[in-house]
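Working notes, structure below.
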Amino acid sequence: MIVPPPLSVQPPRYLTPFHPKQVPHFFTDVLIVGGGLAGLRTALAVDGRLSALVITKDGLWQSNSAQAQGGIASVLDPEDRIEDHVADTIEAGGPLCDREVVQRVVGEGPRRIQELIDWGTQFDKAGGRLVLGREGGHGRDRIAHALGDATGKEVMRAVIQQVRQTANLDVWENTFTIDLLTHEGLCRGALVWNGLHGKTLVWAKQTILATGGVGQIYRETTNPEVATGDGMALAFRAGAELRDMEFVQFHPTVLYIAGSSRHLITEAMRGEGAHLVDRYGRRFMPEYDPRAELAPRDVVSRSIVSQMEKTRHPNVYLDLTHLEPARVRARFPGIAAICEKFNLDITRDRIPVRPGAHYMMGGVTVDARGRTTVPGLWAAGEVTSSGLHGANRLASNSLLEALVYGASAGQGASREAVGIDDSFHAVPLENARSKPLDEPLDVGDIRNSLKSLMWRSMGVRREAEGLREALENVEHWCRYVLGLQFAAPAAWELQNMLTIAPLMIRAALARQESRGCHVRTDFPSRDDAQGNRHITFRGTG
Ligand SMILES: Cc1cc2nc3c(=O)[nH]c(=O)nc-3n(C[C@H](O)[C@H](O)[C@H](O)COP(=O)(O)OP(=O)(O)OC[C@H]3O[C@@H](n4cnc5c(N)ncnc54)[C@H](O)[C@@H]3O)c2cc1C
C-alpha cells in the first residue's frame, strides 16, 4: 500500500444540523441512493418481500447512465471468449485490476445483458442478431448498442419501466441525500432533503450507494450536472474507505465548439474507422501508437494533448469523410443531429474535439459482492472502486459493472435485511447547529475556481509543483467552506467536491509514477514496485 500524506482539513461528520424531534421520519428495508443503471439494477434485485426506496437528486433521466452512447461490452459472439475479454480488461487496467473480480464481472455479462433484453431493451440488430461494435482496447467486436449511439437512453427506458412496474419499489426524485446516518458503527440510513418535506430521516436496514462519478469537479467533462461525487464524500464522512482516487479517465474526443455543451463523441466512431487528424488534416495517431485510433483512451488522450501542443491549436478533429455517408448517418444519428445545429455535416466536415474528464476509476472500496468497509452500507457502479478497472477502464465495461454489481449488492443487502426485524424507532442521533452562515458566500464562484484548478493541475498530465499548489488552494477553500452550514443542494455539492478534491490530489502526489490514466510528467515511467499498490483513505467517520 502507498500511504498518502494525512489530510490537513477534516470534513465535519454531518454537513447540516438535524434533530429527530424536528424532522419527519421514513422507514424502509433497503435504501438505494442513486437512480442510474447501478441504482435501478440494485433495486430490481431486492427481494419482493422487502420494501425498497430509490432516491435521486434530480429526475430519473439525469444520470451518466442515461447519457451512455457506445454500449455495453460483453462476450455475445460465439467466436468471442470470456478469457479474451478478461485479458483485454487487464491489459488496459494493469495490475491494479483484481483478476477474480474481472473474471466474475465478464463471466456474468451475457446473463445480465439477456436480462435487459427480457425487460424490453431493444439492442440494435441485423438479420435477427445483435450488431456488435468495437471500441479502443477490445480485441474483438463485443459492444452491444441501442438506438445507434444512444444506448443509455434505451437501456434506462426499459429499466425505469421495469422499476415502475415493481410493486415493492418506490422512487423519490428531486431528493438530495445530504449524509449517511451511522450509529454504533452501523449505517442506519440517510438524511435527505427535498423541496416538499425539507429534511427527512430515512431509516433503513441496509443502505446502498449508487451515486455515480465526479466528472463535474473538472471544467471540461462529459458528465451531466449530477456527477459531483456526493456518494464518495458522504461515504468518507461516514467512515468508509476510498481508494485509487488519482485515477480519472479522460475521454479523448469531446465535442469542442464554442457555445455547445461538451458532448462526448463516442469511441465507436473510431471503431467504425474515423481518423483523428490535426489542424493541417494530418492523421497523427499511427505516430504515437501502433493501434492508432483504437489505442486505449489514456494513450489517445495524451497523444491528442501532445498534437494540440505541437500544432498550437486548441483541438484536433475527427474525420469520417472517407466513410460511406448513409452508414455514418445511420450509426451515429445523435451526434449527426448535434453537429448539424452547429452547421457541421459529419459526413463532409471534420468534427472538432479535445479530451474531457469522463470516468472515475477510484471510489468507495467494495468487496466482491459490493459491501463497503462500513457495516450496513453497500455500493455499486461508478461510485465504487471494485477492482474491475484498475488504472484504466476498458471502454464500455462500466455499464457492465453497474449491472453486475447492482445485482450482487441488491441481492446481498436483501439477504441481510430479510434477517433483521422491523423496528420503527429513530436512533438517538443529532447534529447540533454550530456555525450558521452569517454572510453570503458565492458558491458558484468557488465551484468554477475549483473546476478550473482541477482541470489545470489534476488533468490529463500532472506534476508535483502543480499538484502541491492545487492542494494548497483547495485546502484553503476547505478551511472556510467545509465547516459552514448551508441549506441548499448547490452548496452541499460544493462541500462534497471540496471533500473529494484533496483526496484526489493527495493520491496523485503520492503515486510517483505514470500508470494507466495517471500521468506524471515528472515521473514518466511505470514503477513496478508501486504497480499493484492501492492508495487508500480511511473515512473520517
Ligand atoms: C456521455 C457519457 C457516455 C458514456 N458512454 C458509456 C458507454 O457507452 N458504455 C459504458 O459502459 N459506459 C459509458 N459511460 C459511463 C457510464 O455511463 C457510467 O459509468 C455509468 O452509467 C454509471 O452508472 P451509475 O449508476 O453508477 O451512476 P449514474 O448513472 O451517474 O447515476 C447516479 C445517480 O445518483 C444520483 N445522485 C448522485 N448524488 C446524489 C445525491 N447526493 N442524492 C441523491 N441522488 C444522488 C443521481 O441523481 C443519479 O440518479 C458514459 C458516460 C458518459 C458521461
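The chain is numbered in sequence order, starting from 1. As the structure lists them, so they are numbered: ligands from 1, and atoms in each ligand from 1.
Scanning the protein heavy atoms around atom 27 (O) of ligand 1, the nearest turns out to be Gly212 CA, 3.3 Å. The protein atom (non-hydrogen) at minimum distance from atom 25 (O) of ligand 1 is Ala38 N, 2.9 Å. Among all protein heavy atoms, the one lying closest to atom 41 (N) of ligand 1 is Asp230 OD2, 2.8 Å. With respect to atom 44 (N) of ligand 1, the closest heavy atom belonging to the protein is Lys57 N, 3.0 Å. In this structure, the protein non-hydrogen atom closest to atom 18 (C) of ligand 1 is Glu382 OE1, 3.3 Å. Protein heavy atom closest to atom 35 (C) of ligand 1, with residue, atom name and distance, is Gly34 CA, 3.6 Å. Scanning the protein for heavy atoms near atom 50 (C) of ligand 1, the closest one is His358 CE1, 3.6 Å. The closest protein non-hydrogen atom to atom 12 (N) of ligand 1 is Ser398 OG, 2.8 Å.
In Lys153, the NZ atom is not crowded: 12 or fewer heavy atoms of neighbouring residues, nucleotides or ligands sit closer than 6.0 Å. More than 12 heavy atoms of other residues, nucleotides or ligands sit less than 6.0 Å from atom CD of Gln103. Within a 6.0 Å sphere centred on CD of Gln114, heavy atoms belonging to other residues, nucleotides or ligands number more than 12.
Listed for the Thr372 side chain is a donor-acceptor partner under 3.5 Å among the backbone atoms of Val374. No donor-acceptor pair closer than 3.5 Å links the side chain of Thr182 to the backbone N or O of Cys187. With hydrogens and angles ignored, the 3.5 Å screen pairs a side-chain donor or acceptor of Arg270 with a backbone N or O of Glu293. When atom types are taken as modelled, the side chain of Asp244 and the backbone of Phe247 share no donor-acceptor pair closer than 3.5 angstrom.
Between Arg369 and Ser408, the side chains place no donor N or O within less than 3.5 Å of an acceptor N or O (distance only, hydrogens not considered).
For ligand 1 and Gln67, the ligand atoms under 4.0 Å from any heavy atom of the residue are 1 (C), 2 (C), 3 (C). Close contacts between ligand 1 and Leu37 involve ligand atoms 25 (O) [criterion: under 4.0 Å to a heavy atom]. Taking every non-hydrogen atom of Tyr359 and a distance limit under 4.0 Å, the qualifying atoms of ligand 1 come out as 19 (O). Of all atoms in ligand 1, listed by their number and element, those nearer than 4.0 Å to a heavy atom of Ala210 are 32 (C), 33 (C), 34 (O). Counting atoms of ligand 1 from 1 in the listed order, those under 4.0 Å from a heavy atom of Gly381 are 26 (O). Close contacts of ligand 1 with Phe176, meaning ligand atoms under 4.0 Å from a residue heavy atom, involve 41 (N), 42 (N). Every atom of ligand 1 with a heavy atom of Thr56 under 4.0 Å away is listed here by number and element: 43 (C), 44 (N), 47 (O), 49 (O). For ligand 1, the atoms closer than 4.0 angstrom to any heavy atom of Thr177 are 40 (C), 41 (N), 42 (N), 43 (C).
Counting only heavy atoms from C-beta outward, the side chains of Leu130 and Asp124 never approach each other to under 4.5 Å.
Under 4.0 Å from ligand 1, the heavy atoms of Arg393 that appear belong solely to its side chain. Residue contacts with ligand 1, taken as heavy atom pairs separated by less than 4.0 Å, involve Thr175 solely via the backbone atoms N, CA, C and O. The proximity of Leu264 to ligand 1, defined as any non-hydrogen pair under 4.0 Å, is limited to the side chain.
When the heavy-atom distances from atom 28 (P) of ligand 1 to Thr211, Asn223, Asn64, Asp179 are ranked, the shortest goes to Asn64. Considering Ser63, Ser65, Gly133 only, the shortest heavy-atom separation from atom 24 (P) of ligand 1 involves Ser65.
The closest approach between a heavy atom of Ala227 and any atom of ligand 1 is not below 4.0 Å. Distances from ligand 1 to the non-hydrogen atoms of Gly71 include at least one value under 4.0 Å. For Thr151, the heavy-atom gap to ligand 1 stays at 4.0 angstrom or more.
Taking the six-membered ring wherever Trp is involved, the centroid distance between the rings of Tyr359 and His389 falls below 6.0 Å. Aromatic ring centres of Trp492 and Phe176 lie closer together than 6.0 Å.
Close N/O approach between Val383 and ligand 1 is not found [any backbone or side-chain N/O within under 3.5 Å]. Ligand 1 has no N or O atom lying under 3.5 Å from any N or O atom of Val226, backbone or side chain. Residue Ile72 has no N or O atom closer than 3.5 Å to an N or O atom of ligand 1.
For the pair Arg104 and Tyr405, the cation sits on the ring face: its NZ or CZ lies under 6.0 Å from the ring centre, inside 45° of the axis.
Rounding to the nearest 0.5 Å places OG1 of Thr89 at 4.0 Å from CG of Asn397. Atom NE2 of His263 sits about 7.0 Å away from atom CG of Leu255, to the nearest 0.5 Å. In this structure, OG1 on Thr28 lies 8.0 Å from CG on Asp170, to the nearest 0.5 angstrom. Taken to the nearest 0.5 Å, the CD atom of Gln206 stands 10.0 Å off from the CG atom of Asp29.
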